[in-house]
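Written below as structure tokens is the structure these notes are about.
The analysis underlying the following values was restricted to heavy atoms, covering all of them including side chains, and did not include hydrogens, waters or symmetry mates.
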Amino acid sequence: MWQKFVGLAVIFLTLIAGSQVSAQTKWQAYQTLHLENEPLDMQVDNQTRRIYVLNDAGEILVYGFNGQMKGKIEVGTDVVRIKPGPGDGTLFLLRKKDKSIQSISIHVKEEIDISGSPFKGEKDAPVTIAVFSDFQ
């Protein structure tokens with residue numbers, strides 16, 4: 001019985017050692033963000049469709065999923081990591097200098113080009129309400 005087990009084990013090990021697994025993995029780059037400063041950390045927020053990049057200059061760079069920069073936030077060079085928070089646009093900043101974790105909420109004001117769109121009211125009004133009611 002013992003000899004059969006050893007024989008089967010030797011055959012099995014020979015098959016494993018002798019076989020080569022050939023697998024090909026392909027990848028494709030969709031986009032590359034070129035930064036001025038070295039990135040230290042990054043987080044992706046799928047809800048707001050933003051990418052947050054912490055760099056070594058103490059800034060959080062805010063990008064849209066299309067790679068367009070939406071804004072820049074000065075947080076200081078003592079921030080060593082960023083982590084997603086509980087809500088949309090919320091980040092935790094891990095600060096090394098004072099051994100603390102700070103919670104911040106990020107709001108990005110986005111300009112929407114409405115030139116050529118129909119409107120009611122003053123042309124230079126401070127607020128414009130857009131209603132998308134016809135999706136044909």
Could you see if [X] belongs to whatever hydrophobic cluster contains [Y]? Use Ile, Leu, Val, Met, Phe, Trp, Tyr and a side-chain cutoff under 4.5 Å.
X: Ile51; Y: Val108; answer: no
X: Met42; Y: Tyr63; answer: yes
X: Leu40; Y: Leu93; answer: yes

What is the distance from atom OG1 of Thr48 to atom CZ of Arg50, rounded to the nearest 0.5 Å? 4.5 Å
N/O donor to acceptor pairs below 3.5 angstrom from side-chain atoms of residues 29-37, sequence neighbours left out:
| unit_1 | atom_1 | unit_2 | atom_2 | d |
| --- | --- | --- | --- | --- |
| Gln31 | NE2 | Phe65 | O | 2.9 |

Considering residues at least two apart in sequence or located in another chain, which fulfil the salt bridge (Lys or Arg N to Asp or Glu O under 4.0 Å) criterion with Lys70? Glu110
Of all the heavy-atom pairs spanning Gly89 and Asp45, show the shortest one and how long it is. N-OD2, 2.9 Å
Contact between Gln102 and Ile104 at the side-chain level, heavy atoms closer than 4.5 Å - yes or no? yes
Check: Val75 and Leu54 side chains under 4.5 Å, non-hydrogen atoms: yes
Please say whether more than 12 non-hydrogen atoms of neighbouring residues, nucleotides or ligands are located less than 6.0 Å from CD in Glu74. yes
Give a yes or no on whether the backbone of Glu59 and the side-chain of Asn55 come within a donor-acceptor separation of less than 3.5 Å. yes
Hey, which of Val44, Ile73, Val62, Leu61 is the one that makes side chain to side chain contact (heavy atoms under 4.5 Å, CB included) with Tyr52? Val62
Show me, pair by pair, the donor-acceptor contacts under 3.5 angstrom made by side chains of residues 76-88, not counting sequence neighbours?
| unit_1 | atom_1 | unit_2 | atom_2 | d |
| --- | --- | --- | --- | --- |
| Asp78 | OD1 | Arg95 | NH1 | 2.8 |
| Asp78 | OD2 | Arg95 | NH1 | 3.4 |
| Arg81 | NE | Asp41 | OD2 | 3.3 |

